[in-house]
Amino acid sequence: MHSPILMIENFFNIDKSLEHSKIIRFGLVYFSIFILFIVTILFLPNTKIHFILPRILSIIALLVLSFPVLKKLKLDVFEPIVFFVASFFFGGVLRTCYLVSSSQASMLPYGVELFSLTLALVWSILGFICLQWGYNNRLASKIASTIPTYNDKTWNKRRLWLVVTAFSLVGLIAYSVFLESTGGIPTNLTEFSMKRNIRNGYIRWGVELLYIAFLLAFGNHLKQNLSLRSFRGIILVLLAILALSFPFLTSSRGSMLTLLLLTLFIYHYYKRRVEIRKLVILITIFAMIVVIMGGLRRASYQGLVGFYKYNKGGMFPAFQRIFVEGHYLFDITTFARLVQDVPEQLSFQWGSTLINWVFWPIPRNLWAEKPINLGQRIGAQIYNQGVGVVGGGVPPPFIAELYLNFHLAGIIVGMFFFGLFSRSLYLHMLENRDRITTLLIYAVTLRSLWGLFQSDLTQTMVGYLQWMVPLVVSIHFITHGRIVRTVSFEKKKS
């Protein structure tokens, strides 16, 4: 007769090398948190049955989210599944609980009906199960072993600095044009971190070459084991300040946070692993910067009073606005609106939105009817933002776009392959983490994996290509185009 611990190990495929005491300790902690969560959401306001159902589904979602944790108990903090779990927890589970506890009627904020929110949560749970199914599929290791990478043994420092210099010059020129077109250099507090947009996307792309220049210089800094006090170390610091100033001035909080996390990611795998305690401290600091930027954005159109109101009550209300109330992370509210409005107000797209990114390089002045991205379309048709508004609109999470195109079949198939693809790339990175070329390419890919989980495909692919094309071309030039293949995972095991 099998012991309960052995049954748990077999069911979740837990690593047998872990001590039973750790499993028991984790089980007790998890059980305590689970009971606390149940008590919390069942005793929130609005105890009518149609409000309780989303809370029960939230408990089920929490159980589904726990599977990746129970599987290993020790997760890599930068593994894609960790972000997927966190995003779904904040944007799906907590946001659902917040919406059903803060509303007194069947109509929730953003025009969402309670039934649509409930149904969206059901489809989200189904999608996350399919994502885990693909993520844990054995095909991932086979796919990972077929992915080529660049040999950093042929890394040429002279070519590296030629690329960094060229990208920095182009970026500075584009930066000056961007500032001139959007009001100039800020001269007071209310002009810092205001939302600046420009219709010519190529100008913004030119500025973002500063990001690529910084990542390449940072990778070289780690590879050569240089000091920040050296001349090239000082150049690296100046590049970092220049690269981070752009998302700060344009109130692009996501871009700033992503660039900081990617820098931390590359250091984590190439130099030394960052301890969980230090990582939590760093992420908290990053989050505080994001909150301050939110207050400065409010000050840009409400003055200093807006900054005070935004930060009134401390950091917790600001975090609540970002992680629970807004359209950030896994936006369950936009998914619910699509469930509510498809196909009555917005017909099924049958794959059309999934290929719009192919038309992105064509300037709109040459093709006036070029399709707008899905976020802009939803912003105009559902949230009444107005047609032609510059920016990304309200992009839905990828699972919602799959639903919009192929209904449930899109969620099941699409999320499975998304999980499989994410795991394959992660395993490929692990097997080649001693190559700075692999880490740089994967860092940009990881940015898009994070983005795709919470955004539409076109917006994600455009951002991915804007970073990946110059990065790959640069690495190809720096390494003389020397490509190597990963040793098969099966061969390594044997």
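What's counted below: heavy atoms across the whole structure, side chains too, no hydrogens, waters or symmetry copies. Values in this document were obtained by computation on a predicted structure and should not be read as measured data.
- Counted within 6.0 Å of CZ on F421, heavy atoms from surrounding residues, nucleotides or ligands total 12 or fewer; the atom is thus considered open.
- Among all heavy-atom pairs drawn from I436 and K223, the shortest one is CG2-CD, 3.8 Å.
- Between F128 and F453, the ring-plane angle classifies as perpendicular under the 30° and 60° cut-offs.
- With rounding to the nearest 0.5 angstrom, the CD1 atom of I143 is 13.0 Å from the NE2 atom of H428.
- A donor-acceptor pair is defined here as one N or O able to donate and one able to accept, closer than 3.5 Å; such a pair exists between the side chain of T445 and the backbone of I441.
- Side-chain contact check for D434 versus Y270: every heavy-atom pair is 4.5 Å or farther apart.
- Judged purely by atom type and a 3.5 angstrom limit, Q132 uses its side chain to pair as donor or acceptor with the backbone of V64.
- Between the side chain of S87 and the backbone N or O of F330, at least one donor-acceptor pair lies under 3.5 Å.
- For the pair I147/L425, a side-chain contact is recorded, criterion being any heavy-atom separation below 4.5 Å from C-beta on.
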* To do: Apply side chain to side chain contact (heavy atoms under 4.5 Å, CB included) to the pair L354 and Q349, showing each step before the final yes or no.
  => CA-CA 9 Å; L354 300 175; Q349 301 301 298; over 6 Å; no

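- Here the side chains of L264 and F78 are in contact, with some heavy-atom distance below 4.5 Å.
- Test I475, N220, T165 against L160 for side-chain contact (heavy atoms from CB on, under 4.5 Å) and you get one pass: N220.
- In this structure, Y442 OH and L262 CG are separated by 10.5 Å, a value rounded to the nearest 0.5 Å.
- Distance alone, capped at 3.5 Å, is enough to place a donor-acceptor pair between the D456 side chain and the Q459 backbone.
- Taking 4.5 Å as the limit, some side-chain heavy atom of H268 sits within range of a side-chain heavy atom of D76.
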* Walk me through it: do M461 and W360 pass the test side chain to side chain contact (heavy atoms under 4.5 Å, CB included)? => CA-CA 10 Å; M461 283 299 298; W360 165 75; over 6 Å; no

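- Counting only distance, with no hydrogens or angles, the side chain of S145 and the backbone of K142 share a donor-acceptor pair below 3.5 Å.
- Between I266 and L222 there is a side-chain heavy-atom pair separated by less than 4.5 Å.
- Using a 4.5 Å heavy-atom threshold, the side chains of L338 and I378 count as touching.
- The aromatic ring centres of F359 and W367 sit less than 6.0 Å apart.
- Taking the side chain as every heavy atom from C-beta outward, F83 and L261 never approach each other to under 4.5 Å.
- The shortest heavy-atom contact between M256 and L244 is CE-O, 3.1 Å.
- Environment of CH2 in W350: crowded, with over 12 heavy atoms of neighbouring residues, nucleotides or ligands closer than 6.0 Å.
- Among residue pairs with one or both ends in residues 465-475, those qualifying as side chain to side chain donor-acceptor pair (under 3.5 Å) are E208-W467; sequence neighbours excluded.
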* Show your reasoning for whether side chain to side chain contact (heavy atoms under 4.5 Å, CB included) applies to V472 and Y150. => CA-CA 9 Å; V472 170; Y150 283 97; 3.9 Å; yes

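- No option in T437, N432, T438 other than N432 meets the side-chain hydrogen bond (donor to acceptor under 3.5 Å, both in side chains) test with R435.
- The backbone N or O of T353 lies less than 3.5 Å from a partner atom in the side chain of T458, making a donor-acceptor pair.
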* Report the C-alpha distance between I125 and I129 in whole Å, list the side-chain angles of each, state the deciding distance to 0.1 Å, and finish with yes or no for side chain to side chain contact (heavy atoms under 4.5 Å, CB included). => CA-CA 6 Å; I125 294 172; I129 291 174; 4.1 Å; yes

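- Nearest heavy atom pair, residue W161 against residue A217, reads CH2-CB, 4.4 Å.
- For the atom pair CZ of F398 and CE of M415, the computed distance is 7.5 Å after rounding to the nearest 0.5 Å.
- Taking the side chain as every heavy atom from C-beta outward, F418 and P80 never approach each other to under 4.5 Å.
- A distance of 11.0 Å separates CG of L427 from OG of S422, quoted to the nearest 0.5 Å.
- Between H407 and Y403, the two ring planes are tilted [angle within 30° to 60°].
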* Audit row: Y426, Y135, ring-ring contact (aromatic ring centres under 6.0 Å, His included) steps and yes/no -> CA-CA 10 Å; Y426 173 70; Y135 196 85; 7.2 Å; no

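- Taking the six-membered ring for Trp, F84 and F88 have ring centres at least 6.0 Å apart.
- The CD1 atom of I234 sits 12.5 Å away from atom CG of L239, with the distance rounded to the nearest 0.5 Å.
- The two residues P148 and I483 have their closest heavy-atom pair at CB-CG2, 3.6 Å.
- Cation-pi geometry between R159 and F477 is met: under 6.0 angstrom from the ring centre, within 45 degrees of the axis.
- Annotation for G127 and I399: closest pair CA-CD1, 3.8 Å, computed over non-hydrogen atoms.
- Of all heavy-atom pairs between L374 and P396, the closest is CD2-CG, 3.6 Å.
- The aromatic rings of F178 and F246 sit perpendicular, their planes meeting at an angle over 60°, well past the 30° parallel limit.
- Under a cut-off of 6.0 angstrom, the local environment of CZ in F348 is crowded, with over 12 non-hydrogen atoms contributed by other residues, nucleotides or ligands.
- Here the CZ-CG distance, from F416 to N137, works out to 4.5 Å after rounding to the nearest 0.5 Å.
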* Asked: Can you list the steps and then say if S245 with Y175 is a side-chain hydrogen bond (donor to acceptor under 3.5 Å, both in side chains)?
  -> CA-CA 10 Å; S245 69; Y175 203 155; 2.9 Å; yes

